[in-house]
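Notes for the one structure printed next.
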Amino acid sequence: MAYQLECAVWEFTLKCNLRCSHCGSSAGIARPDELTTKECIKLCEDLAELRCNDVSLMGGEPFLRNDWPQVAQCITDLGMNLNFVTNGILIDKYIDDIAKYNPKVVGISLDGTEQTHDRIRGKSGAFKKANNSIDLLIDRGIQATAITTVSKINFKDLHALKDVIYKKGCNWQIQVAMPFGNFDKRHLLTKEEYYAVALFISSQRIKTSFDNLPVIGAHCFGYNSKILPGCHGWKGCTAGISSIGITSDGGIVGCLSMGNDCFIEGNVRDAPLKDIWQNPDNFKYNRQFIKNSLGPNCKDCKHGEKCRGGCNSVSYILTKKFHNNPYCFYTIEKDIIKT
Amino acid sequence: MINDKLQAIGSKLNVSTQDIKSIQKTNRFSNLKYYIATAIIVILTFILGFFAGQGTCPASSVSPGAGYPFAGGLFTLGASGSKKRASKIAIILLSAIAFFIALKTFPVFGQAMDYDVYAKNKKG
């Protein structure tokens with residue numbers, strides 16, 4: 001079966017100017033042998049050859065690489081959508097350049113009110129920078145998405161954060177912090193707290209106009225709720241099916257959130273991206289999924305074959321198994337809420 | 001009536017009983033809209049196939065990725081070419097099958113997005 005690559009999320013560098021307490025990549029220092037500019041350009045060409053739609057440059061902090069404008073230019077010249085995910089610290093410095101490359105969207109991490117955000121980011125003033133960056137982007141007509149990664153630390157901040165973001169004109173993407181990299185497992189949301197966040201998202205969607213504040217649960221939210229509107233039809237994890245992650249030293253993985261080098265399928269220094277993508281033995285966990293692949297949490301679920309056990313990175317991180325995600329609306333409603 | 005446990009969970013983030021009622025109401029309404037819309041599509045494609053079809057399918061109007069309504073149209077268009085009574089029964093049966101296929105496969109805008117950073121509109 002041929003798979004069509006839709007989106008590549010690229011850890012452009014592991015170097016970072018912050019040390020966030022939930023960072024799954026434990027970013028800070030660049031990897032010892034990150035791709036050169038020439039290798040990055042070649043990789044962009046390979047992505048275009050595979051007719052990839054979206055390339056998201058993230059990190060670490062992508063704007064810490066001096067050659068980001070060349071790579072951004074290459075991505076847009078090749079007709080692919082350019083996205084950035086950034087902590088916002090350097091946006092004021094580069095706003096003119098960013099506008100020049102016309103990104104589809106820039107994601108800015110915004111994790112709570114000023115005190116909470118600065119605590120998580122480990123830097124005083126980080127909130128003001130991120131907040132200002134969103135305004136700068138909106139002023140330039142660039143679509144911005146505030147990305148909030150929720151843990152016990154900022155769980156209670158969501159209402160206050162909504163007041164900050166509301167009517168800014170940006171999107172709001174809410175996702176769950178998972179215990180890998182720097183993140184301390186003790187701060188992981190319980191299933192009930194996770195479901196409370198989902199209720200919060202749903203209530204905000206009903207209360208606020210989508211134009212004023214589009215609130216979106218990230219890919220780690222979901223699966224076949226009987227209560228929450230619109231939560232049907234999850235078709236399984238897209239890692240290796242329509243998306244890939246790229247590490248800054250050229251490793252190809254289904255999803256960067258898997259946080260484990262054993263899932264690297266190949267390296268663009270050793271083989272062309274096309275060969276890695278088209279190798280039928282790669283991304284086995286998803287491409288060779290069968291009903292029996294479902295883990296104990298999902299094997300008896302009536303939605304199992306379709307949803308394939310939810311987000312595989314969450315599933316693996318929490319249970320050391322794929323297709324076994326315990327953070328699932330359907331099972332929470334069945335086992336805890338007892339609907 | 002709202003489940004106590006659901007209320008307790010909602011209260012963790014100040015999601016009120018009224019908010020939960022509103023969520024449940026929206027969910028029921030969106031499900032209802034979906035069923036009604038699906039039924040209307042089935043009926044319309046049935047009528048279209050019955051009156052417009054001559055046993056051939058206009059390839060240009062067929063979207064293989066879009067699934068249901070077109071598939072329903074195909075069934076009805078194909079079957080309506082015949083005047084035989086058996087084919088009329090086939091139209092009804094196939095439309096019913098198409099209806100249930102649609103129920104199982106029609107994509108609904110979900111709360112969760114795919115892996116990546118969220119953007120409202122695709123540029124490319």
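Residue numbers begin at 1 in each chain, while the letters A, B, ... track the order of the sequences. In this text, all values refer to a predicted model and were calculated from it rather than measured experimentally.
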Considering only heavy atoms, which portion of [X] lies under 4.5 Å from any heavy atom of chain B: side chain, backbone, both, or neither?
X         : result
Ile174(A) : neither
Ile337(A) : both
Lys226(A) : backbone

Top contributor to chain B contacts, counting heavy-atom pairs under 4.5 Å, from Asn171(A), Val106(A), Leu158(A): Asn171(A)
Most heavy-atom pairs under 4.5 angstrom with chain B, which of Met80(A), Lys156(A), His159(A)? His159(A)
Using 4.0 Å as the upper bound for N to carboxylate O, is an ion pair formed by Asp19(B) and Lys207(A)?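 Asp19(B) and Lys207(A): salt-bridged.
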Answer yes or no: is there an ion pair linking Glu193(A) with Lys152(A), defined by an N-O contact shorter than 4.0 Å?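 Yes, Glu193(A) and Lys152(A) are salt-bridged.
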Could you tell me which of Val15(B), Leu13(B), Leu6(B), Asn31(B) has the largest number of non-hydrogen atom pairs under 4.5 Å with chain A? Leu13(B)
Just give me the residue among Asn14(B), Ile20(B), Ile23(B) that pairs up with chain A most often, heavy atom to heavy atom, under 4.5 Å.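 Ranked by contacts with chain A, first place is Ile23(B).
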Check: [Y] and [X] side chains under 4.5 Å, non-hydrogen atoms:
X         : Y         : value
Ile227(A) : Glu333(A) : yes
Thr149(A) : Ser109(A) : no
Tyr195(A) : Ser225(A) : yes
Ile108(A) : Thr145(A) : no

